Each structure stands twice: as structure tokens, then as C-alpha cells.
2 protein chains.
Amino acid sequence: MAILGFLRDFPLHGYDLKNRVASLAGHVRPIADGTLYPTIKKLEDAQCLTRRTAPGSVAAPRHMLEITQTGTDQLRRWLRDPEPGFITDDNKWYVMLAFLHHLENPREQALMLARRREFLDQPAQLFFDADGAPIPPERLESPFRKGLMQIHRSTNLTEIDWLDRQIAELNQRAGYAVRQREGS
Amino acid sequence: MAILGFLRDFPLHGYDLKNRVASLAGHVRPIADGTLYPTIKKLEDAQCLTRRTAPGSVAAPRHMLEITQTGTDQLRRWLRDPEPGFITDDNKWYVMLAFLHHLENPREQALMLARRREFLDQPAQLFFDADGAPIPPERLESPFRKGLMQIHRSTNLTEIDWLDRQIAELNQRAGYAVRQREGS
DNA sequence: TTTTTAAACCTCGGAGTCGATATATCTTGC
DNA sequence: GCAAGATATATCGACTCCGAGGTTTAAAAA
């Protein structure tokens with residue numbers, strides 16, 4: 001998803017892609033060569049991208065990768081109907097956010113933000129005692145667990161705040177677009 | 001690591017462990033049976049835990065798992081010298097935080113928090129233009145990318161604030177412990 | 001009485017990822 | 001003139017993890 005998402009902006013070669021994906025995913029989590037190049041080949045076989053050999057600007061020749069219409073469709077499908085992990089896993093959700101603008105309908109964009117918002121709304125119960133009863137932060141003995149829950153709560157509120165503002169704006173824009181089409 | 005960490009608190013059976021790990025890791029990311037049970041067996045083979053069959057309280061018999069001294073040592077080793085991902089990947093870092101209190105030396109605890117703090121200090125450059133130059137948030141066209149960077153920045157500051165306070169407290173406690181031992 | 005449901009455990013195959021290794025190209029320093 | 005290092009691409013085996021399926025046990029529902 002990140003590969004196709006970046007290629008939507010402009011053509012890139014593998015080495016460049018590697019660095020961009022690394023900077024984005026999980027914030028500087030490197031992606032291995034053994035992962036990247038087979039994936040590129042898979043996307044090429046699926047006709048999601050085309051390859052054009054160009055002289056390397058500094059060294060060995062590059063394979064400039066360009067996204068196709070099939071690839072764009074695939075990307076949109078992934079964005080429109082993501083696996084559950086893309087909503088609940090922070091790292092994956094960040095990837096969603098990074099490319100959500102490629103979903104051009106503001107209503108579809110708002111829908112995704114709403115799904116994330118709904119997920120964040122559930123109260124976090126991270127730790128349980130021997131009987132299975134959830135332990136509230138103030139009854140935790142470990143200061144690290146206490147901090148973990150505090151940070152979790154605080155960062156959730158920050159994101160919820162942004163999500164609400166963004167959803168409102170998107171819905172307004174969607175409503176405006178509808179009114180435009182209806183000529184009212 | 002999460003398995004041994006939870007078993008440090010009190011003995012548990014696999015099914016219970018599954019739910020606890022799921023609640024913690026990535027906040028309600030379920031862990032598959034096909035991952036859990038082979039891992040338990042691996043830890044048992046490595047003598048990190050022992051198994052004692054007990055009648056199931058509700059249904060089928062349970063295998064109560066208890067951590068051994070070897071397991072405790074292993075857990076401490078993982079906490080003391082974690083793979084890089086445990087500092088840079090939010091999900092994994094949360095697992096670190098959840099069990100860091102099992103590292104009993106406050107100086108070692110502070111050291112880990114300091115490593116995380118150092119990582120968070122690096123300015124996040126998530127997106128780059130065609131020339132490879134980083135794009136600051138205000139020049140991003142996508143509101144989602146802009147929001148991503150804002151949220152990232154804000155949540156980082158929240159965590160840094162907590163880290164600093166916690167590190168100071170731990171160092172004070174460590175210093176106090178030293179003074180106690182030196183009898184001054 | 002039988003069926004269903006839930007608790008609890010386990011295995012296997014496939015998919016995905018990584019680390020090591022290899023190769024080609026160009027620039028820079030010695 | 002040559003070695004070193006960065007750029008750039010690729011493959012292979014090992015490892016991890018998941019999902020699908022299957023088993024046993026007991027309680028609850030039919």
C-alpha cells in the first residue's frame with residue numbers, strides 16, 4: 001500500500017522508495033531489501049506498476065517505477081476497504097492517513113476517520129488482576145504501567161480532537177458538493 | 001516477552017494469556033492460537049516455564065503456566081537489552097513499558113526510558129518532495145498528512161514530558177539507594 | 001436426550017519478512 | 001591507477017506469524 005501510495009505522487013525507483021517507506025512506517029523502521037524487491041515484482045506482475053530502466057544519477061542504473069490505472073484502482077480498494085489492522089494498529093493507521101487523500105470522495109474519507117474515531121472511543125482496559133477484573137490506572141503499582149495508560153489516554157484525546165474537527169470539515173465539504181450538484 | 005511478563009505477576013493458562021496479550025499489544029490486537037501455543041511450547045522447551053494441568057473451571061482442562069528462574073532471567077535479558085524495534089515501534093515500546101518494572105534496578109529502568117527519549121527527540125521528517133527534500137507540515141497539501149504530523153508531534157511532546165519526569169524520579173531514587181549503601 | 005455454545009488446546013500449510021549474500025556502477029580519495 | 005564506499009538491484013533460506021481446521025470438555029438450551 002505504501003509503495004503504490006508513494007508512486008501516486010510521482011515515479012520513483014526502489015532505493016528511493018525504501019527510504020520513504022522507512023521514514024513513514026513506524027517512523028524510521030527500515031524495510032529490508034528482501035521484502036521490498038519481491039513486493040515490487042509482485043506488483044509488477046499484477047500490472048499495478050510499470051518499470052522503465054534509467055541511467056543511475058549517481059551510480060548503478062535505476063528502475064523507475066510508475067503506477068498504472070490498475071495500480072491506482074488497487075490502492076483505492078485498499079484505502080476504501082482496509083484490513084481491520086489498518087484501523088487499530090497505530091503504525092498501519094499512520095500509513096492510511098498518509099495516503100487517504102488518494103481516496104477522492106470526501107464522504108469516503110470521513111467514513112474512514114469515523115471508523116478510527118469509533119475505535120479510539122472504546123475505553124482502554126489494558127491490565128487485569130488475577131480474577132480477570134480490569135485494573136484502573138490509579139490502582140496500578142508499576143509507575144510504567146500507570147504512565148502507559150496516562151499517555152495512551154492523553155494521545156487518544158489529542159487524536160479524537162483532530163478527528164472530530166476533520167470529520168466535520170469533510171462532511172461540510174461533501175454537503176456543499178451535493179448542494180452544488182443539486183443546483184440549490 | 002509479553003507471555004513471560006504476564007506470568008511474572010501470577011500463573012496463567014494459555015487462554016487467559018491470549019486475552020491479556022491481545023488487550024495490551026497494539027490495544028486489542030488479537031493474537032492467533034497458531035502463534036500463542038507454539039510459542040508457549042518453545043518457552044517450555046527452553047525451560048522458561050512449567051506446565052501443570054488443572055481442571056478447567058468452566059470447561060476443558062487448563063494448563064496452568066508458571067514462570068521459572070530461567071524464564072525470569074530471560075525476561076530480564078530481553079528488557080535489559082531489547083531489539084531496536086522495542087524502542088522505535090510504538091506497539092512494542094508499550095510492551096516494554098508494561099513489563100519494565102520487572103527490571104528491578106532503577107538505573108537500568110531509567111536507561112531504557114532515556115533511550116526512548118533520545119529516539120523521540122529526533123525531528124520527524126515523514127514526507128519528502130521529488131528532489132528528496134523534507135516537506136514541513138505547513139507545506140503539505142493533504143490535510144491528513146498535515147494532521148498526521150501534528151498528532152505525531154503533539155503525542156511525542158506528551159510522552160517526552162512524562163519520560164523526563166519519570167527519569168528524574170528514577171535517578172533520584174537510584175542516587176538515594178547509593179547514598180543508603182554508602183551510609184552517608 | 002440431543003444439540004448448541006463456549007472454554008481450552010493444538011497442528012499444519014501458506015504468506016510475509018528478514019538477514020545474508022551477491023552483483024553492477026559510479027565517485028572519491030590515496 | 002586502484003581500492004574503498006555509496007548507489008542500486010536481486011535472490012535465497014530461515015524464521016515468524018496467521019488462519020483454517022480440528023479435538024476435548026462441560027454447561028446450557030432445545
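Being a predicted model, the structure only gives us computed values, none of them experimental. Side chains included, hydrogens not; waters and symmetry mates left out as well; all remaining heavy atoms used. Letters A, B, ... are given to chains in the order of the sequence lines, protein chains preceding strands, and every chain is numbered from 1.
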Do [X] and [Y] have side-chain atoms, one donor and one acceptor, less than 3.5 Å apart?
X: B/R77; Y: B/Q74; value: yes
X: B/N91; Y: A/D90; value: no
X: B/Q69; Y: B/D73; value: yes

Output the rounded distance in Å from [atom1] ([X]) to [atom2] ([N]).
X: A/D45; N: D/dA10; atom1: CG; atom2: C1'; value: 14 Å
X: B/Y15; N: C/dA6; atom1: OH; atom2: C1'; value: 7 Å
X: A/K18; N: D/dT9; atom1: NZ; atom2: C1'; value: 10 Å
X: B/L36; N: C/dA7; atom1: CG; atom2: C1'; value: 14 Å
X: A/N19; N: D/dA6; atom1: CG; atom2: C1'; value: 12 Å
X: A/M64; N: D/dT7; atom1: CE; atom2: P; value: 16 Å
X: A/L43; N: C/dG16; atom1: CG; atom2: P; value: 11 Å
X: B/E83; N: D/dT16; atom1: CD; atom2: C1'; value: 12 Å

>> Restricting to side chain to side chain donor-acceptor pair (under 3.5 Å), what partner residues turn up for A/H63, sequence neighbours left out?
In response: A/R51
> For A/K146, what residues pass the salt bridge (charged side-chain N to carboxylate O under 4.0 Å, His left out) criterion, not counting sequence neighbours?
Replying inline: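 Applying salt bridge (charged side-chain N to carboxylate O under 4.0 Å, His left out) to A/K146 gives none.
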>> If the condition is salt bridge (charged side-chain N to carboxylate O under 4.0 Å, His left out), which residues does B/D131 pass it with, not counting sequence neighbours?
In response: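 None.
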Counting side-chain heavy atoms from C-beta on, which of [options] comes nearest to [X]?
X: A/R62; options: C/dA8, D/dT9, C/dC18; answer: D/dT9
X: A/A60; options: C/dC18, C/dA8, C/dA24; answer: C/dA24
X: A/H63; options: D/dT9, D/dT25, D/dC18; answer: D/dT9

Could you write out each protein N or O paired with an N or O of nucleotides 11-13 of chain C at a distance under 3.5 Å?
residue	atom	partner	partner atom	Å
C/dT11	OP1	B/K41	NZ	3.3
C/dT11	OP2	B/K41	NZ	3.2

>> Could you work out, with side chain to side chain contact (heavy atoms under 4.5 Å, CB included) as the rule, every residue matching A/E104, not counting sequence neighbours?
In response: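 A/R8, A/R76.
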> Any chain of hydrophobic side-chain contacts (each under 4.5 Å) joining A/F128 to B/L17?
Replying inline: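 In one cluster with A/F128: B/L17, no.
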>> Are A/I160 and A/L170 linked, directly or through intermediate hydrophobic residues, by side-chain heavy-atom contacts shorter than 4.5 Å (ILVMFWY only)?
In response: yes
>> Please give me every residue in residues 7-14 of chain B whose heavy atoms get under 4.0 Å of an atom in DNA chain C, ordered by residue number.
In response: B/H13, B/G14
>> Would you say A/R51 places a side-chain N or O within less than 4.0 Å of OP1 or OP2 belonging to D/dA8?
In response: no
>> For a quick test of reading the model: is some side-chain N or O of B/K42 closer than 4.0 Å to OP1 or OP2 of D/dT16?
In response: yes
